[in-house]
Amino acid sequence: MSRFGEVDEGYDPQALERRVFEHWEAVDAYEQTRERAADGEPYFFVDGPPYTSGAAHMGTTWNKSLKDVYIRYLRMQGYDVTDRPGYDMHGLPIETKVEEKLGFENKKDIEAFGEEAFIDECKAYAEEQLEAMREDFESFGVWMDWDDPYKTLNPEYMEAAWWGFAKAAERGLVVQGKRSISQCPRCETGLANNEVEYTDVEDPSIYVTFDLVDREGALVVWTTTPWTIPANTFVAVAPDLEYVGVRAERDGESEVLYVAEACLEEVLREGRYDDYEVVDERTGEELVGWAYEHPLADEVPDHPSHEGALEVYTADYVETDRTGLVHSAPGHGEEDFERGRELGFPIFCPVDGDGVYTAEAGVYEGEFVKEANERIIDDLETNGALLASGTVSHSYGHCWRCDRGIIQIVTDQWFITVTDVKDDLLENIEDSEWFPDWARDNRFRDFVEEAPDWNVSRQRYWGIPIPIWTPEETPDGRGDEDMIVVATREELAERVDQEIDPETIDIHKDTVDDLTITEDGVTYTRIPDVFDVWLDSSVASWGTLDFPEDQERFDELWPADLIIEAHDQTRGWFWSQLGMGTTALGEVPYDTVVMHGHALDEDGRKMSKSVGNVVEPHEAIDRHGADAMRLFLLSANPQGDDMRFSWEGMRTMENHLRTLWNVFRFPLPYMRLDGFDPAETTLEAVDDDLERLDEWVLARLQSTVETMTDELEVFRQDQAIEALLSFIVDDVSRFYVQAVRERMWEETDSASKRAAYATLYHVLERVTVLLAPFAPFVSEEIYGTLTGEDGHDTVHMSEWPAVEEYWVDEELETDVVALRAIEEAGAHARQQAGRKLRWPVPRVVVAADDDDVAAAVERHTDLLCERLNAREVELVSPGDHWGELDYSANADMSLLGPAFGGDAGRIMNALNEARIDDPTLESLERAVSESLGEEISLESEMVSFVTETPDDIAGTPFGVEGDDRGVVYVDASLTDDIESEGYAREVIRRVQEMRKELDLDVEEQITLEVSVADERIADLVAEREDLIADEVRAEALTGVEDGDASHRKTWDVDGVEIELAISPVSASAA
RNA sequence: GGGCCAAUAGCUCAAUCAGGUUGAGCGCCACUCUGAUAAGGUGGAGGUUCUCGGUUCAAAUCCGAGUUGGCCCA
């Protein structure tokens, strides 16, 4: 880019972004930026791999933008930052998508299609999705190593998972076992808890009676899963709960029912009993050992009948709910299973992985369990075991992929026994620092404390094969006793019977399933399962380093310095990494965690396709540009809180950027015209010529740098952005540029102009560097235009600015805060006096409350005169009083409260309403006492005096951060001289407008004719003819002939009619 | 059903930890400016600080119960 070249007149983000992408491409901006930091101190950032689901939504966009900011910032700080992006590419979501695509119904279709072909389809699909996501990420300017991402489907990454798992196995933390798990009957695989989604559904709600053996009556249980009744093994009670036996009557028949006393009324109502009588009272403890008959004994001949089965036991999961007696089937429910194991019962689960009853289920064999519900209810009724039957709406678990209702069954699974190392897990948490800290100390700790063993096996195809080989013959024994766990591809090649090349082998299921190991005469085959997909990403901290293949980088970098993810990852990636890091290596694999929230819609609702409130990032980019979108997202608190998307917020950010663009564009023509060379006219060169405002804006720049750096260090980029934008918009644009414009308009060269150039140039250049991590596009273009060949090829190679002590000037900053407050108050007072800024006022009086303000006014009298358009500015020093003022007082409630208790409020009001002539405590006490009708004694610390403006002069108090610091009085009286200038300015303004209407060049000379209807005012205007001619570039004030090039208009200036006519000189000469 | 987090102006948030007359920016309306112009300036309207109860002279702030939303878990 050439320095001070022509730029777009308005801020056009789309065009600008296109240019910047081309520029990045042309100069290898990303590669150069990385290279520049290559020798810096290493910083190991790990990208949490997004699942390859197709497109970046607003949440991933926020996440990646945050990562991009900190990567860029750290790089500017000189760190050599790892920025390898990752993709999570295995798992059921992709399998189900591919199944849909191929029109598959279940696993049998996959088997028919062929494992290898299916895996190839999954791989192709995942890669396709990856490309779409990469394009999205790049489109909003995320700079990561897109050419070398880590993919969980790559053999070297899969090996990282094998290695970690083998380490855990080495430490005895891998076991096989039967567990009650959530099974998706369609996907035919177990699901982790976090893969189960709960939604409200209508299910059967039945009350079943279990007839007691050897005594009259029946136990009443309640269930929503009739299909689990065949597997009933025992009934659970709470030991201390009161139970009753009642003789209940309905339809003229009576029976004895046992339920918890608290549930009695409800059960009888459900069963529509007419009457009842309590015949027995017992605690749960006293029911233990009672035997009952299986209600489907004939239909399910193989039902549990072993020693101890079909009896009452206590269990801690019993609640005083429904009947207080719980039908327990260890072959299904998780708690039932645990209790059943405690009791030493064999597990009876007559249901297969596809949700179909096995032969053990007797007459129900071959039926899908959910469909068998109805028949079972009928059979229960026939057997006289159905007390009541209805439906209930409750929250029930569903498969996260296919939405089918899950079933609880007991199957053989493989576990990492994280419960064995729970103390280590809790201890290791302490080694990580979290932002916000409560995420670690409340949420995460709670989760870790309660975490069960990790079921890592899935009965699926598209995943990392579990590297366990078990002996072909394992009669009765558990697989984990003689298992071989393979850690690497090399080890695999060494141990398997077949000839394979570890360099080239793809270790997906279709390949490794055929491999066998024979050792000591025993042949081992691989178990058919693949890993839970959460295990894939859990090894990212070393997988991203290609460890174990690459040992060196692991030794240098591990563990991760920083990870940044949303709060749903507490139970996801934050946890899986801790679990894997601790079981494999005994350490937490990350030092610092930044936990952000989710992107919600404008109303604070979750964005969801079905609700139709999803905002796509590319729509946001199309409407307001990628920079504005990033700034909007990044200006949200990144620690824990959710963010609400807002189009208004987006627009605001675009407006701020437009302001920056205008500020940047404004001096360019002047700098170009004057041949300003920033390399020559440096700040150092013009130091002696700098004016106070120049020094001020440089001082403000320093404190902005300081604030931003401090905030970024604690991951509050939102605060950093606020500081920067407020500097750009409030300080540079609205104040500094406003004040220095006239210096730039000067036609001749001057020291003051050069100083202004050098200052504004420096400020703008620093601003682009500070803005670069957040809005990488617009900062790039501004930087390029400012620096031309002298700068880096890209702003992103810049160092993060350090505070330049030389320019720090806190006192000056505070002074200008006061001056700006005075100016603001002055403008307010003017408006109240009905005098617009264009009209000069003879006098402005500043009554200062303290020496700092007084000193500031003294130093900047000229500036105040100019900005307030006052002939003179007078200062009333602290301590002196403006004779005509009244006073009232404000109360300091922190002192008034303790002193007066309940009366403090009334006294406060009296203070506010008091009007006294002189600001003394005595006068105030007198006024307050009189108003309240009682003697009130005040301390001077309790009150502060407030001036009350007299009627004849417009006065406005000014303050700093809520503290009153003085009052500005504007004397708006008129004199002929002032009226003369005022009307002249009115004429000038209107001539300028007419020039614009004719589209004249700024330099173009005109002839001008002015005729004012009012004679007195005509004379006043005539007094300022020279001023008018000068300001509007009029060669002469003469009559203007009506003609093609002339422009004539009659104006109404506050009731005075003024006719103006202009014509360009060139036109009238022709 | 349980845990964590949040709720203050139309919107985004500050003030909450250490109780003391609720603030800023944006938006809106009015006025204003017109050599940055899809800009700038001034003012105004807009709050039962989610609800109810408690502690206190005094509660947005502390405590308890609830409501709504988000995440996680069952």
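Quick note on labels: first sequence line is chain A, next is B, and so on, each numbered from 1.
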Practice task
Establish, with yes or no, whether the OP1 or OP2 oxygen of G40(B) is under 4.0 angstrom from a side-chain nitrogen or oxygen of Arg734(A).
Solution key: yes
Handout entry: C71(B) phosphate, OP1 or OP2, under 4.0 Å from Lys606(A) side-chain N/O
Key =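 Checking C71(B) against Lys606(A), a side-chain N or O does come within under 4.0 Å of OP1 or OP2.
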Exercise for the section: Using distance alone, with no hydrogens and no angle criterion, decide if Thr707(A) and Thr704(A) have a side-chain donor and acceptor under 3.5 Å apart. Expected result: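 No, no side-chain donor-acceptor contact under 3.5 Å.
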Practice task
State, without any angle test, whether Thr419(A) and Asp453(A) hold a side-chain donor-acceptor pair at a distance under 3.5 Å.
Solution key: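 Present: a donor and an acceptor within the cut-off.
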Grab the [atom1]-[atom2] distance between [X] and [N] for me, whole Å please.
X          : N      : atom1 : atom2 : answer
Asp568(A)  : G69(B) : CG    : C1'   : 17 Å
Tyr317(A)  : G2(B)  : OH    : C1'   : 20 Å
Arg443(A)  : G70(B) : CZ    : P     : 14 Å
Ile907(A)  : C57(B) : CD1   : C1'   : 11 Å
Asp1030(A) : G35(B) : CG    : P     : 15 Å
Ile181(A)  : A74(B) : CD1   : C1'   : 17 Å
Arg658(A)  : C26(B) : CZ    : C1'   : 15 Å
His332(A)  : A74(B) : NE2   : C1'   : 19 Å

Problem - ring-ring contact (aromatic ring centres under 6.0 Å, His included) involving Trp62(A) - partner list, sequence neighbours excluded - result: His596(A)
Problem - With Phe632(A) via ring-ring contact (aromatic ring centres under 6.0 Å, His included) - residues at least two apart - result: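 Expected list: Phe645(A).
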Practice task
For C71(B) and C17(B), measure between their P atoms and round to the nearest Å.
Solution key: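 29 Å, rounded to whole Å.
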Practice task
Write down the distance separating the C1' atoms in C57(B) and U67(B), rounded off to the nearest Å.
Solution key: 31 Å
Exercise for the section: Just compare G3(B), C73(B), A36(B) and give me whichever is closest to any side-chain atom of Phe447(A). Expected result: C73(B)
Practice task
Can you figure out which of G27(B), A36(B), G35(B) approaches the side chain of Tyr670(A) most closely?
Solution key: G35(B)
Exercise for the section: Taking the six-membered ring for Trp and the single ring otherwise, decide whether the centroids of Trp575(A) and Phe447(A) are under 6.0 Å apart. Expected result: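 Between Trp575(A) and Phe447(A), the centre distance is under 6.0 Å.
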What are the atom names and distances for every N/O pair under 3.5 Å that joins the protein to nucleotides 16-18 of chain B?
none

Handout entry: By side chain to side chain donor-acceptor pair (under 3.5 Å) - contacts of Tyr51(A) (at least two apart)
Key = none
Problem - Bracket string, RNA chain B, 5' to 3' - pairs by Watson-Crick or G-U geometry under 3.5 Å, | interstrand - result: (((((((..((((......[..)))).(((((.......))))).....(((((..]....)))))))))))).
Practice task
Between His567(A) and Arg741(A), just flag the one whose closest nucleotide in RNA chain B comes earlier from the 5' side.
Solution key: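 Going by which nucleotide is closer to the 5' end, it is Arg741(A).
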Problem - Earlier contact from the 5' end, RNA chain B, for His598(A) and Phe735(A) - result: Phe735(A)
Practice task
Describe, in one word, how the ring planes of Tyr11(A) and Trp661(A) are oriented to each other, choosing from parallel (under 30°), tilted (30 to 60°) and perpendicular (over 60°).
Solution key: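 The arrangement is tilted - the two ring planes meet at 30° to 60°.
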Handout entry: Heavy-atom donor-acceptor pair, Ser733(A) side-chain to A39(B) base, under 3.5 Å
Key = no
Handout entry: Donor-acceptor pair (no angle test) under 3.5 Å: Arg989(A) side chain, C33(B) base
Key = no
Practice task
Mark yes or no: Arg741(A) above the aromatic ring of Phe666(A), with NZ or CZ under 6.0 Å from the six-membered ring centre and no more than 45 degrees from the axis.
Solution key: no
Taking only nitrogen or oxygen atoms into account, show me every contact under 3.5 Å that the protein makes with nucleotides 11-13 of chain B, one pair per line with its distance.
unit_1	atom_1	unit_2	atom_2	d
U12(B)	OP1	Arg644(A)	NE	3.2
U12(B)	OP1	Arg644(A)	NH1	3.4

Exercise for the section: Measure the spacing between CZ of Arg623(A) and CE of Met650(A) and express it to the nearest 0.5 Å. Expected result: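 One gets 8.0 Å once the value is rounded to the nearest 0.5 Å.
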